[in-house]
Every structure is written in structure tokens, then in C-alpha cells.
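Please read the structure below before turning to the comments.
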Number of protein chains: 2
Amino acid sequence: MAKSKDANLSPRKKPRQARSQVTVDAIFEATIQVLLVEGLQRLTTIRVAERAGTSVGTLYQYYPNKQALLFAVLQRHVGEVGEHVRRAAESVHGRPLTAIVSAVVRAFVQAKTDRIDEARALYSVAGELDSRRLVEESEERGLAVLTAVLRTSTDVQFDDLPTAAYMFMAAMIGPTTYMIEGGAPPSIMRAWSGQLESLCLGYLERAAYAIP
Amino acid sequence: MAKSKDANLSPRKKPRQARSQVTVDAIFEATIQVLLVEGLQRLTTIRVAERAGTSVGTLYQYYPNKQALLFAVLQRHVGEVGEHVRRAAESVHGRPLTAIVSAVVRAFVQAKTDRIDEARALYSVAGELDSRRLVEESEERGLAVLTAVLRTSTDVQFDDLPTAAYMFMAAMIGPTTYMIEGGAPPSIMRAWSGQLESLCLGYLERAAYAIP
DNA sequence: TAATAATATGACGATTCCTTCACTTTTGTT
DNA sequence: AACAAAAGTGAAGGAATCGTCATATTATTA
């Protein structure tokens, strides 16, 4: 019976002076670095504080517990990536399928690769039971965004739009996670955006029929 | 600097009587169950032993440490899935692309869904730094298998075979992991094999050109 | 400048966990 | 049945970690 400790995750104290904002940011970045270098198992609050150049006590003034630290990093990452994709999708409403796929895939790959350290570091965090909710919520929003934009496509329609949108989502996130986590060869990484576009478009064109 | 403690992972004692084999199996299965129910963070040797209906001492007679326990489960899983795919690929050497994709995808999905509890449980384990090597080795073998079988296709060839094979691999593993881990709706899960076939074939047909 | 508020520190209590080992019980053999 | 080998047990040493709090330092305000 897993304790459903709905721990408080909001900061206990808000930074009011400039120096403390610096500290908060340093702790945030240190969390990513420790995750990358040591792994989740060896991430301790003391290690994070040391890497950030402060002390545990300070850490606990801004993050109520270790969990909150990991949540903060995960939340910002999925939030930013989601927001980028949402904006890209919005900008291609009512365009042909190829334009939609191109814009969305590019935005997604761009957002992920711009934050590749975070993406790598968070792989193990996202796998923990405690983080599922956060990730799922973000995925639901993403699915809604993709469903909406696919519906506006001017040249094609889908028999089963929910499935098509889900596969589009899975085809972007799944392989990209695999690629980033697995440390693909540079040749692959460079070509990723184009390859992923092919993958998604290849599927969606098969799942669609032309509008008369 | 992460300690590269290449811990001994082979069992300290081999089971010689029937009862001990039962125990070893029970511990193995209990590991999966604890992972599923409690998560990696809360997996302790005592919890595993209790769930298996034995004691910690017994556990340590067959697994030298906690890490070895997780490795054993992960290794069997990737080994079995890899083997299934390998056999499927072998059986469609020298056939057209559609036949190859169909056989390989089906075998992969079959193997994964037959072991869906394991797959779910291992998601967090595979994310740990310590497990990377094991997973990477399996992925390398898989890539070699896919490269080999794609080369034998009778109706198409690839400009860039390594990239095509990598994407084929990523298109199978990535979305399936996403689907299983995210707990997709049943409608999606039921249609998964067909959808994944579309995804892979859609990509590969774009990346290929017909043999004259 | 003096007083107050904000920020920072790190030793420490409490807890959890890994692993060992001296010992018991069960099974197989002579 | 007597003995040896295999299997099983769980208390406890030792190590690691979380989060607190009494105290110290720095900034802001009056």
C-alpha cells in the first residue's frame, strides 16, 4: 500500500531579493546537472545544494522537499515544450497536411534539442510513479492540440481522427525520446527533424483521405 | 564522478533442489510486482523477499545484490523480445518490404504485449544510469538484425540504409514504449499492431526506391 | 545608524535501507 | 537412523539520506 502522500510542492518562501533568485536558479540548474552526472538514485539534496554552491538549509527554504525539486524541473520542461508545439500548431491552422506536420515536428524537435540536457536528465524522473500525473496532463493537452489542428487541414480528412492524432503524438515523442536517451550517432541527430517529418507524414497520409 | 562499481551480478549459488528453483522464480516475479506496485524508489530487498514469501537472507543467496535483481529482470525481458524479433526477421529474409515490416512489427508487438507487466515495470529501471549498457547492447543487436533484413528486400532499396534501419527501430520501440507507459486507451491498444505497421511502412516506403 | 526582515548555514535526530552471518530447518545419501 | 549438504531465517551493524532548527550573516528600512 503506497502512501499517497500528496506532499506540498509549492515553494515555502518566495524570493524577494535578487540574490535569492540567483540561489533558486542555481539550485534548479544544479538539479539537472546532478541528474545527468549521478543519476536519479544518487541525487540527494546535499549533492544538489553543494553543486549549486549553497547549503541544504537554503534548498529547503525554497523547495519543501526533494520531490518538489524534481517536479519543478520536469514541469518547466514539459510546459515549455508543450507551449512551443501549441504555438506552432496555432500558426498553421487551416493549412494543408504537409504544412501542419512540418511546422509541428520542427517546433517539437527544436524545443527538445534546445533543452537536450534537461530532456536527458528527466528521462528517469518521468519514469517514476510519482511523476506520472504531471506528464499525463501535459500529454492530454498535447493530444488536444494535435487533434484540433489536424481537423483544420484543408486537403485531407481522417476516418478516425482520435487515433490519427494519438499516433502523430506517439510518433513524435516516442522516437525522439528513444533517440535522445539512446545517444544516437551525430549523423542521425542532425537529420532528425527531417526524418521525423517523413515518419509522421508517411503515417498520416496513409490514415487520411483526400477532401473532394 | 559516479563510482563504476562493476558489481558482481552472477548468482552466488545455483539452485540444486526443486524447491530452491521455485524460490528463485518467486523472487524474480516478486521483483516485477514490487516495481509495478511500489515503483523503483520504494523497491527494497526486504519488500521483494516478503512479496516472494521468503526472507532477505534467501534472496541474497541467489542474487548478490539489489542491482543484480533488477538486471536479471531487465535482461530476460530485452533478451526475449530481441529473440522474438530476430526469429521473425529471419523468417522473412528475401521477401518484399511489406512482408518484412508486417512480420517484424507483429513479432515485436506480440512479444511486448505478452509481457506487458514486465514492460511497464522496467520502464523506470531502464532509465537508470546503471542499466544503460545492457539496453544499449540489446539495441545494437536489434539494429543489426533490422539492417540485415531490410537489405534483403526484393522490391526496394535504400539510399541510406543505416538511417532507415535506425528509424525503423526507433519507430517501433519509441511509440510502443510511449503507449505502454502512458496507459493508452483500449481502442488504441487493440489496434496497435496495425497502426505501428502503418507508421513503419509509411516511413520506409518514403525512404526507399523501387528496384528496377 | 539602529532595528527589522530576508537569506544562508550545517550539525543532527530520525528513518530507511543494504547486506551479512550465526543459526535452524529441510532434503538427500549411506 | 545418522550424517552431510542444501536451503532458509531474521536480527543487527553500518551507511546513506531526508528534512529541521537554532544560529549566523546580509540586506532593507526607518
Side-chain angles (χ1 to χ4, degrees), chain A residues 1-3 5-28 30-31 34-35 38-72 124-125 128 130, chain B residues 1-3 5-28 30-31 34-35 38-72 125 128-130:
Chain A
M1 44 189 114
K3 250 178 285 178
K5 47 173 170 184
D6 245 343
N8 190 9
L9 295 175
S10 40
R12 13 186 93 172
K13 182 188 287 191
K14 267 196 187 170
R16 299 175 187 274
Q17 300 177 1
R19 65 176 167 150
S20 64
Q21 186 57 56
V22 171
T23 305
V24 172
D25 292 348
I27 293 172
F28 190 96
T31 305
V34 172
L35 270 177
E38 309 266 5
L40 179 57
Q41 297 262 41
R42 290 173 52 79
L43 181 142
T44 72
T45 48
I46 287 189
R47 262 194 267 270
V48 170
E50 266 172 7
R51 179 130 204 157
T54 77
S55 63
V56 235
T58 298
L59 187 156
Y60 277 94
Q61 266 181 339
Y62 301 105
Y63 298 92
N65 50 51
K66 182 179 148 179
Q67 189 68 244
L69 207 55
L70 298 168
F71 267 51
S124 55
V125 178
E128 280 299 302
D130 298 324
Chain B
M1 51 191 106
K3 250 178 288 178
K5 46 172 171 182
D6 246 342
N8 190 8
L9 295 175
S10 39
R12 8 187 99 168
K13 182 188 288 189
K14 267 197 186 172
R16 299 176 186 275
Q17 300 176 3
R19 63 175 168 153
S20 65
Q21 186 56 56
V22 171
T23 304
V24 172
D25 292 348
I27 293 172
F28 190 95
T31 305
V34 172
L35 270 177
E38 310 266 5
L40 179 57
Q41 298 263 38
R42 290 173 52 77
L43 181 143
T44 71
T45 48
I46 288 189
R47 264 194 266 270
V48 169
E50 267 172 7
R51 179 128 203 160
T54 78
S55 64
V56 235
T58 299
L59 187 156
Y60 276 92
Q61 265 182 338
Y62 301 106
Y63 299 91
N65 50 51
K66 182 179 149 179
Q67 190 69 243
L69 207 54
L70 297 168
F71 267 51
V125 177
E128 281 299 304
L129 255 39
D130 299 325

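Quick caveat: nothing in here was measured; it's all calculated off a predicted structure.
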Roughly, in whole Å, what's the span from [atom1] in [X] to [atom2] in [N]?
X	N	atom1	atom2	result
B/Gln21	C/dT27	CD	P	16 Å
A/Leu59	C/dT7	CG	P	15 Å
A/Glu38	D/dA16	CD	P	13 Å
A/Gln67	D/dT17	CD	C1'	15 Å
B/Tyr63	C/dT20	OH	P	16 Å
B/Arg42	D/dC18	CZ	C1'	15 Å
A/Ile27	C/dT9	CD1	C1'	12 Å
B/Ile46	C/dC18	CD1	P	8 Å

Please report the closest heavy-atom contact between [X] and [Y], naming both atoms and the distance.
X	Y	result
A/Leu59	A/Ala49	CD1-N, 4.2 Å
B/Glu128	A/Gln41	OE1-CG, 2.6 Å
B/Asn65	B/Tyr60	CA-CE2, 3.8 Å

Could you check which of [options] has an atom nearest any side-chain atom of [X]?
X	options	answer
B/Asn65	D/dT26, C/dT19, D/dA6	C/dT19
A/Gln17	C/dA6, D/dA7, C/dC18	C/dA6
A/Gln61	C/dA8, D/dT17, C/dA11	C/dA8
B/Arg19	D/dT17, D/dG8, C/dC18	D/dG8
A/Ser55	C/dG10, C/dC18, D/dA11	C/dG10
B/Arg47	C/dC17, D/dA7, C/dT9	C/dC17

Next on the checklist: Any non-hydrogen side-chain atom of A/Thr58 less than 4.5 Å from a side-chain atom of A/Tyr62?
Outcome noted: yes

Checklist entry - With a 4.0 Å cut-off on heavy atoms, is A/Leu69 in touch with a base, just the backbone sugar-phosphate, or nothing at all? => result nothing

Next on the checklist: Heavy atoms only, 4.0 Å cut-off, all strands: where does A/Tyr62 land among base, sugar-phosphate and nothing?
Outcome noted: sugar-phosphate

Item to check | Residue met sooner reading DNA chain C from 5', once A/Ala18 and B/Leu43 are mapped to nucleotides | outcome: A/Ala18

Next on the checklist: As an exercise, state the distance from OG1 of A/Thr45 to CG of A/Leu69, rounded to the nearest 0.5 Å.
Outcome noted: 8.5 Å

Next on the checklist: Can you see if the side chain of A/Tyr60 gets near the phosphate of C/dG10 - specifically, an N or O under 4.0 Å from OP1 or OP2?
Outcome noted: no

Next on the checklist: Reading DNA chain D from 5' onward, which residue's closest nucleotide shows up sooner: A/Thr58 or A/Thr45?
Outcome noted: A/Thr45

